[in-house]
**Q** 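Quick one: structure below, then a few questions.
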Amino acid sequence: MSGKLLERGVLRYTPAGVPAIEFRLGHESEQLEAEKLRRVECEMACIALGTPALMLKDASPGSGLNLEGFIAARSVKSRTPVLHVTKIEYLEGNENGIQTEE
Amino acid sequence: MSIVRIALDVPLPRLFDYRVADGTAADRGRRAAVPFGSGEKIGLVLGVAAESDQPPEKLKTGSVLRDMPALPDDWIELCEFCARYYQYPLGQVIGFALPPMLRRGKLPRRPKEKPSPAVAPPALPDLLEEQQAAVAAIGAATGFETFLLHGVTGSGKTEVYLRAIDAVLAAGGQALMLVPEIALTPQLEGRVRNRFPGRHIVSAHSGLAEAARARSFLDALEGRADIVLGTRLSVFMPMPRLKLIVVDEEHDPSFKQQDGLRYSARDVAVFRAKQVGVPIVLGSATPSLESFHHGTSGRYRLLPLTRRAVAETLPEVRTVDTRKEKLQDGLSADLIAAIGERLARREQSLVFLNRRGYAPVLACPACGWISHCRRCAANLVVHLADKRLRCHHCGLEAAIPKACPDCGNLDIQPFGRGTQRLEAALQERFPEARVLRIDRDSANSPTKWQALLAAIHAGEADVLVGTQMLAKGHDFPLLTLVGVVGADAALFAADFRAPERLFAQLMQVGGRSGRAELPGEVLIQTEYPDHPLYRALTDHDYAAFAATQLADRESAGFPPFAFQALLRAEAKEMATSLAFLAEAKAEGLALAGPQVSLYDPVPMRLFRLMNLERGQLLVESPHRPALQVFLTSWSERLRALKAPRDLRWHLDVDPLEF
């Protein structure tokens, strides 16, 4: 899933010391649906733990990101999906010019 | 050859007969070394007999140790009283009352007598009128009388004790002073030594080295000690010239021992005062409801101290309604602002939270896992400072897992708030402030504790975060603000004594503020600002609080309007424990008169501890002697019951914990 970083929390650590960061991704694209091209917009709650979290700690809103990961419920109580990011790619040519890779 | 009756430290409620070469009646109260089983034991001679119920060929031979004076009759009678009252074998009571070194048949080496330097006693502070009246009343007592010195925090209760002690020493007597915590003794000892230069003052508490404790005991026994100062176990110090007993902070639960001989040192002290015919002073800002009830009904003589001695006024206490705002890390805007003001004025603040650790539980939001202790019915507490999970009941420790052990989620989170978390939040909010946390983790040795106290006194800390450790007895002249966080839970605890304890704790901790020249303020964060308990606190009205509590207790038939005993049983399986208690109840029903009621066996609140499952059975009576008669015959039957091998039981008379 790709999109722009909309907002992000500050980097925190789990009690065992694993870095974690939560953020929202704004996605915009064109998709084919019943043989018709349409525009798609959505927002996705995301979380990154471990190395991907460190890659995001200085990212500015607006950065273009390409994410890989899986979807899990936010918690036992809230079944809202959250994208758990396992791989991050900064997209070239974004407004802020950040092109970090690790 | 003669026969002696000996009390041995074994769990059997009987004495043992031995033959000795040269026993006389004067050996009562002396230690004896006797063969027992395959080894040797040290016991105490309680009598010399012409003959024994045992056949002569079965009697073994022991020897009387005559290297220290015999323990006096009144001391033995005190132990006998405790054995009867607390349903505990006499030999074990004596074993507990003797310092460990003497119990093993040894004697400490005597240090060279150091002549104490002749220092002039310090100038005495002027007494307020109420203090004078209290000192005069205690001094006028000619025999046993119980005084309840009910003085607001900072009213100079200690000064009253010291004057009363002074009068007793001048008349050639010994004084015994009990305090609730070892941690409090060094300061108080310093103050007492400073006050009575040239007097021999000994301390007695479990933190002393064995030889020191044995020496204190001998100094008291041989009459050399003028003042004995100590924690609950010092109530068993033999004192031939005892003329006054003082119990400071008499309401404190730590006067009750929670294992072995489950005695209340305050209650035993009252018995002892009566036994030797001397006055006893129970002092507190928040007397136990038992004592206060006696005070208002005339059984104890109430001595009120309603004014502060040094500070002009009591601290202003108010509640902060936390329903109306979003707390920041558990702190209200009012409290944060108040701390900020203190920082600007270079005064100290204390944030009181009676929960140590970082958070009371570690949980997985994804699957609902929480950090249970595998041995207890309790949660493991997060200690982030050293990255451990700890059970505060059994001591089990584990590393903080990297991921949830059930579902593998990495993002496990601490829930709730302990002192470590509060410390971190305060440090983040006030980066320039020196934040000092004081709890059993940061003050885990007497040396560290003294160092922390010294730092506070020296003004090397701005914001203190602390548990009840800080609540008792301390005078910090720069401390002008106390914030109370997370106290509400205790309002609705199942234990009927919870409100009494909460009130005492908050009154005590609030009393730390503004004790010297600077005025004090107390802010209590609560979701129930109109609760009568908080109302009574903001009004400084202990009497009103006690009256409503006593009315509740009376209508519910709880102490002090009833007397209780608890039979507890523990085994690997709850079913075993409850089955034993049911059997015990059946035995009890056959013995109980109309004045004694037995409730049903139930699991204890902490129903599993250290892999043992625990149940309890409550016995109650409006009449203390009736309960005592019942307990004596019941405990005999209980000993005769054939309990399963893995089951342990004990009786707790006047239990404080349920």
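Source: prediction; values computed, not measured. A note on names: the letters A, B, ... follow the listed sequences, proteins ahead of strands, and every chain is numbered from 1. The analysis underlying the following values was restricted to heavy atoms, covering all of them including side chains, and did not include hydrogens, waters or symmetry mates.
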**Q** What I'd like to find out is whether the side chain of B:Leu384 reaches to under 4.5 Å of the side chain of A:Pro15, using heavy atoms alone.
**A**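 Result yes, sub-4.5 Å side-chain heavy-atom pair found.
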**Q** If you draw a 6.0 Å radius around CZ in B:Arg388, do more than 12 non-hydrogen atoms from other residues or ligands fall strictly inside?
**A**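 Enclosed: over 12 neighbouring heavy atoms sit under 6.0 Å from CZ of B:Arg388.
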**Q** Chain A heavy atoms under 4.5 Å from B:Lys402: which part of the residue, side chain, backbone, both or neither?
**A** both
**Q** If you count heavy atoms of other groups shown closer than 6.0 angstrom to CZ of B:Arg374, is the number above 12?
**A**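 Not buried by this count: 12 neighbours or fewer within 6.0 Å.
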**Q** Regarding A:Arg12 and B:Asp411, does a basic nitrogen lie under 4.0 Å from an acidic carboxylate oxygen?
**A**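 Between B:Asp411 and A:Arg12 there is a salt bridge, with a charged N closer than 4.0 Å to a carboxylate O.
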**Q** Of the backbone (N, CA, C, O) and the side chain (C-beta and beyond), which part of B:Leu410 lies under 4.5 Å from a heavy atom of chain A, both, or neither?
**A**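 Contact with chain A: backbone and side chain both.
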**Q** Is atom CD of A:Glu43 surrounded by more than 12 heavy atoms (other residues, nucleotides or ligands) closer than 6.0 Å?
**A**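 For A:Glu43, atom CD is crowded (more than 12 foreign heavy atoms under 6.0 Å).
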**Q** More than 12 foreign heavy atoms under 6.0 Å from CD of B:Glu428: is that the case here?
**A**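 For B:Glu428, atom CD is not crowded (no more than 12 foreign heavy atoms under 6.0 Å).
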